[in-house]
There are 2 protein chains.
Amino acid sequence: MRFEAITIKDIAKALGLSTSTVSRALRDSYEISPETKEKVLLYAKENNYRPNPIALSLKEKRSSSIGVLVCEIANSFFSQAINGIESVAQEKGYNVIIAQSKDDFEKEISSLQYLASRSVDGILFSVSSETSDFSHVQHLHQRGMNLVSFDRVVDFADIHKVSVDNYKAAYEATTHFIKNGYTKIACIANASYLSITKERVGGYTAALKDHNIAVNPDNIFFCLHGGLVYEEIADIMFQAMNTKNKPDAILATSDKITTSVLRYCQQQNIAIPKQVGLVGFSNVELTDLLAPSLTVVKQPAYEMGRIAAELLIKQIESKRQIKDFEDVVLATELHQRASSEKKAKP
Amino acid sequence: MRFEAITIKDIAKALGLSTSTVSRALRDSYEISPETKEKVLLYAKENNYRPNPIALSLKEKRSSSIGVLVCEIANSFFSQAINGIESVAQEKGYNVIIAQSKDDFEKEISSLQYLASRSVDGILFSVSSETSDFSHVQHLHQRGMNLVSFDRVVDFADIHKVSVDNYKAAYEATTHFIKNGYTKIACIANASYLSITKERVGGYTAALKDHNIAVNPDNIFFCLHGGLVYEEIADIMFQAMNTKNKPDAILATSDKITTSVLRYCQQQNIAIPKQVGLVGFSNVELTDLLAPSLTVVKQPAYEMGRIAAELLIKQIESKRQIKDFEDVVLATELHQRASSEKKAKP
DNA sequence: ATTTATGCCGGTATCGTTTGCGTAAAATAA
DNA sequence: TTATTTTACGCAAACGATACCGGCATAAAT
């Protein structure tokens, strides 16, 4: 089955005109007489004429659609970001085409290739947690594809980037722990080569140092699957909580990691914050209602999506090659709640 | 800036052949000599040739893309459903184009119109909570657009539908309340004309009747915005909890309503389940970690997305007009947890 | 009366790809 | 040798829309 739409040719035939006349009448050209225009416009309206976007795309060499590559749609942060992207795209007349990498490097490459070959005008992407080599992105970039990197940004310069101040976010979260009396603070982070991981772990260690707390490498954990696999977190937690010098606080640097830590503690009857404090990066709307209510670092996901989409569309519609690439860094919010409340003096 | 791709014409020029020969060589036609084929294939591979999908779409009158219209992407249920849709689409070589209605009737109409005019091959949609009149969908359907209705389905027959057994889900949830000793069970539902609302309220009232509990119309509430506006729920809760015969349990029939009720109770210091029991429809992954852990009706969102996408693509690729429309109804899961635990005998 | 101007419109190429048809050269058959 | 078939390719139209170029009227200017 197929959806048959009326074309300019149909209108031309019906009114005994040429396609060029109809086209011009529809675009309100001065070369067409008012009477003809009226006839054409009326007929077009009556028959619900819409220009075929595919024909237009072929002619204009642009598709008015942008691709979005994220690791997982069903994730609060990314779905909020896509929400922002969609809202901008809608305003500017662009389609949003979605692809997921599922945090798999090979799938990221194929998805990116797929989006590019589907002739999108540009791509917004956040790299997978397995990605340490950016040559596939570089290659696409060199071939002239409009790209904007967001959240988990790439490490080369000539590209727009939109991210949050991960360093500061982790620094503040760690400092918050310290101020509340925690001293043995562990950090469970994403894959080690991710930009966000480096920055967050950097902020965490800097805060410790600034408060004269020794950084213990055994208290820094990395997970390749970013918490998508529960066992990964369970193993780390088991390892962390069964050392003689076990941590009294945990900084979880992603949504999934945070949830998994919480679930592990509940299963193992580890009291939060009594036995171990918890601060997590999370964009879930429900964290204030958790038991205990969770101290979270919240990212402005919707805003990131909007800004990234605006930068991309501006770049697409720019006549000349862009030389000045923006590196937008947004602030996070630390919501202080029960899971990291002040420690009772021993 | 634009992404310049190599075309068949470029290959033809480079090798001194005609475009038709190149085209046939690439499609491995018997009319082309092995030597020519090899030359063409090699050159195409070296220069990373990809057929232009837009040109193909124009020729084939199909775009290999499907539209998805949901009320809100940043919603657990819908993002999980989109996840399922994307996975099927990816397997079958289709793009997924996203649009949001934001539960606004006018935006639903324009988004649907937009998707149709962007020449998608078909549309998966869940109507907005404001939608009581389906004529815009009917109209699109009559014009031959491939449509599959999911979750909040339409009320006419000749269309594929994928939903859950809302009646049974609400019946079971209500029965669960009754078995645990609750008798004054209120129901806070979505907009009254939504299919899912009718079915859920139907299941709720049927369960009450089957257990010889009088149905009190004052205990059934409808919200037009489906909980997207917090005040809507706050008002309903205030009204419900300030009558002389106030409910001892609440059945919340959507994700947002559930969360809002929970938040209201926390703010007003209403103890769950002591003062009022709560069961909610929710697909959030964290409900077991809430305070108290929440009894939920969970929908197979991913599965729904997959099935709906499969039906749509099958319909798109079917040669003849489809006469037999499926009405797939999936089962929900009731996760019994603390928020609805057995009432202490008074 | 002839030229010039102007209003109004049609023909055709173009975007990239596929495909039916035509045909020269080579291979086979008579 | 001539006739016929096969092989291997090119030409051109088509998909829908746009835009350049060109041309025919009628009206105004010389």
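In the text below, chain A, chain B and the rest are named by the order of the sequence lines, each starting its count at 1. Predicted model, so just to flag it, every value in this text is computed and none were measured.
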Checklist entry - Can you list every pair that meets ring pair (Phe, Tyr, Trp, His ring centres under 6.0 Å) and has a residue in residues 97-123 of chain A, with sequence neighbours left out? => result A:Phe105-A:His136
Checklist entry - Going 5' to 3' on DNA chain D, which nucleotide is the first and which the last to come under 4.0 Å of a heavy atom in chain B? => result D:dA8 to D:dG16
Item to check | With B:His139 via ring pair (Phe, Tyr, Trp, His ring centres under 6.0 Å) - residues at least two apart | outcome: none
Checklist entry - What residues form a ring pair (Phe, Tyr, Trp, His ring centres under 6.0 Å) with A:Phe156, not counting sequence neighbours? => result A:His141
Next on the checklist: Students often get this wrong, so: under 4.0 angstrom with heavy atoms, is B:Leu17 touching a base, only sugar-phosphate, or nothing?
Outcome noted: sugar-phosphate
Checklist entry - Will you find, in the side chains of B:Asn83 and A:Lys102, an N or O donor that is under 3.5 Å from an N or O acceptor? => result yes
Item to check | Those residues that, when tested against A:Glu303, pass side chain to side chain contact (heavy atoms under 4.5 Å, CB included) (two or more places apart) | outcome: A:Pro300, A:Arg306, A:Ile307, A:Leu330
Checklist outcome for this item: For A:Phe134, the ring pair (Phe, Tyr, Trp, His ring centres under 6.0 Å) test, sequence neighbours excluded, returns none
Item to check | B:Tyr193: ring pair (Phe, Tyr, Trp, His ring centres under 6.0 Å) partners, not counting sequence neighbours | outcome: none
Next on the checklist: Students often get this wrong, so: under 4.0 angstrom with heavy atoms, is B:Ser57 touching a base, only sugar-phosphate, or nothing?
Outcome noted: nothing
Checklist entry - Reading nucleotides 14-21 of chain C from the 5' end, what letters show protein touch, with B for base, S for backbone sugar-phosphate only, - for no heavy atom under 4.0 Å? => result BBBBBBBB
Could you list the donor-acceptor pairs under 3.5 angstrom formed between side-chain atoms of residues 36-46 of chain A and any protein atom two or more places apart in sequence or on another chain?
residue : atom : partner : partner atom : Å
A:Thr36 : OG1  : A:Ser33 : OG           : 2.8
A:Lys37 : NZ   : A:Asp28 : OD1          : 3.1
A:Lys37 : NZ   : A:Ser29 : O            : 3.0

